[in-house]
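Report on the structure given below.
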Amino acid sequence: MSEELVKLSGVQKAYRRGKQSVPIFETLDMSIEKGAFLAIMGPSGSGKTTLLNLLGGVDRPTGGSITFQGQRVDNLSESRLAAFRAGHVGFIFQFYNLMPMLTAAQNVELPLLLTSQGSKARKERAATALQIVGLSDRAAHKPSELSGGQQQRVAIARAIVSDPELILADEPTGDLDRETANEILSMLQELNANYGKTIVMVTHDAEAARYARKTLHLDKGHFVEKDLVA
Amino acid sequence: MANPMTQIAAVTSMNLRSLPQRFWTSAATVVAVALVTAVLLGFLALANGFQATLSGTGTDDVAIAVREGSSGELNSVLSREQLQLIAEAPGIARGADGQPSVSGELYVVVDGKRRSTGKKGNLPFRGIGPKALETRQNITITAGRMFTPGLAEIVVGKGLVQQFEGFDLGATVHLGKTDWKIVGVFDAGGSAFESELWADIALLQSVYNRGSSVQTVRMKLTSPDALKQVQAYSRKETRLKLDVDSERAFYASQTGGISDLIFYLGWPLAIAMSFGALAGALNTMYASVDSRMREIATLRAIGFGGLPAFCGTMAEALVLAGLGGLVGAVAVYLAFDGLSAATLGGGFTQVVFAIKLSPALVLQGVILALVIGFIGGFFPALRAARAPLLAAFRA
């Protein structure tokens, strides 16, 4: 029997726009199993990124609950929520979000600064993560010296370096050409298949969604179609 | 558990390493803070130099007597009888000739023209007798020779020669309907005497129609404690009617107000300018935080706390302001330290002094700069600490 990693129960989310409250999710239920590779698609404003933010503890629901490995995370204090993100979630952003002044290795090492590991252990782990994404020879390069695809691979290495259970990818190929996008998606597939990482990927791109094991469609805050991809 | 200091150090290092990306705004802040520091230190160095000159002028083992109620040398008049009476006071040292080291001196004001501006300034022209040097320390003739009693000759303080024209060695000056020849230049150890002209008192009394009167009496004391004896003697001897004080106290009361004026002008001006620099620092730091908002939000999303973001921004502001403070201090040091200046001292005459920048003053300037940096960085740092995590996901 597969193990449940994340569970959303009756999640509500609304944003305030001036004096008005704009609802995104009125009641959203969702369960993500450990080892899943899930693509979430939907039109702009459907709530894809909001869902990703809620899953990653970047945003809080206005109602309902979110549990991670059976523990509620939506009501954690700011510092505990930060610790939760540091320990369990890896983020991959559309625009890579690397620190421009740091080398690839230093960027990858960043999440490890939140652990108790010493400098030597951190550097070794960062080197291993870069090796997994095939960028060992670019370790000393700064983001400006890397191509878009290489930068996204560094971002992936950063996302996996602290060995989180959940990887959240927000349009990870949105800024890349098709060929490079396919390389990145293959890499995510490999992380899911070989390293057992649970991946939730938000995308507009149906081609990208094919790399996931399962695709969910969001529209106006509701899942409208399920299990398009097995 | 992660060490918070490691996080703070990492974020601070990132902030500082990204400074070149914001070179011009950062440089503008450094310059603004440097200007504030320079203005403050400029004034403080003036006050400091002035004070140093005055304190260098006074010692505790020399007493000065003026007419009772006189505010300074200029409006004091003492008769020859008073001079002779005070010379008999106990506690007065005696010279090699066995006579009391008492110097009656005349003090008149003459015009001089500043080398820098060409404007007129009042100069003290002092008539001194053979005992004058016994009552002064560190007087050395650095060029030429001492004047010859009875001849219209003058020795000038070296500070005066630097600041005023026409008093160079060998020159002739027309003062009090008499032509005087400059025969020597003297060094007085940086004291206010270096702003004076000295000539034979008998000749000066004659030229300025002062009869046998003097204006001040200087007395070399056997020890600083002997001042009380002289004061007691002066009070007891009803014919004297003198105000007697130590030389240090006398000059402090004469010119201390000027030093305070410079000091209290400098601080308000610097504080007023600080608001301008503060606005610049705030602007720079807000721009810095805004330009790095996605980076900050990304770090927060990864799991970094708000404190490292706060500390990183504060460190950046403090480094920029501290740098500005140092640039300002170095600029003042290179431009003004040791430079000679002149201002109106006691008795409406010019006191020439050297602008002095001490480490304590530099510290004050740098502290002001850091205060600007602290306030200028605090609010932007709060913004950084509260950076919305969602900014990490925005284009």
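Convention: sequence-line order gives letters A, B, ...; per-chain numbering from 1. The figures that follow rest on heavy atoms only: side chains count, while hydrogens, waters and symmetry mates do not.
Residue contact with chain A, scored on non-hydrogen atoms closer than 4.5 Å, is absent for B:R292. Contacts between A:T49 and chain B at a heavy-atom distance below 4.5 Å involve the side chain alone, from C-beta outward. Proximity to chain B involves both the backbone and the side chain of A:N97, based on heavy atoms less than 4.5 angstrom apart. In this structure, the portion of A:Q106 lying under 4.5 Å from any heavy atom of chain B is its side chain and not its backbone.
The backbone N or O of A:F93 sits less than 3.5 Å from a side-chain atom of A:Q152, completing a donor-acceptor pair. A donor-acceptor pair under 3.5 Å is formed between the side chain of B:R115 and the backbone N or O of B:Q162. A side-chain donor-acceptor contact under 3.5 Å links A:N107 to the backbone of A:T103. With hydrogens and angles disregarded, no donor-acceptor distance shorter than 3.5 Å links the side chain of A:R122 to the backbone of A:E109. Between the side chain of A:Q151 and the backbone N or O of A:P143 there is at least one donor-acceptor pair closer than 3.5 Å.
Taking non-hydrogen atoms and a 4.5 Å limit, the residue list of residues 58-66 of chain A in contact with chain B, ordered by number, reads A:V58, A:D59. Proximity to chain B among residues 14-21 of chain A is limited to A:Y15, judged by heavy-atom separations below 4.5 angstrom.
Ring-plane geometry between A:F68 and A:F84 is classed as perpendicular, the angle between the planes exceeding 60 degrees on a 0 to 90 degree scale with a lower cut at 30.
A salt bridge does not link A:K13 with A:D74: none of the charged nitrogens is closer than 4.0 Å to a carboxylate oxygen. Ion pairing between a basic and an acidic side chain is recognised when a charged N comes within 4.0 Å of a carboxylate O; A:E165 and A:K34 show no such pairing.
Interface summary for chain B: among A:S79, A:P100, A:A83, the most heavy-atom pairs under 4.5 angstrom belong to A:P100. Between chain B and the residues A:L52, A:N53, A:T50, the most heavy-atom pairs under 4.5 angstrom are made by A:N53. With chain B as the partner, the residue from A:L98, A:D170, A:D175 showing the most heavy-atom pairs under 4.5 Å is A:D170.
Across all their heavy atoms, B:A45 and B:L357 have their closest contact at CB-CD1, 4.0 Å. Looking at every heavy atom in both residues, A:Q117 comes nearest to A:L112 through NE2-CD2, 4.0 Å. Pairing each heavy atom of B:I8 with each of B:C311, the nearest pair is CG2-CB, 3.6 Å.
If you check the side chains of B:R22 and B:S18, you find a donor sitting under 3.5 Å from an acceptor. Side-chain atoms of A:R72 and A:T67 include no donor-acceptor pair closer than 3.5 Å.
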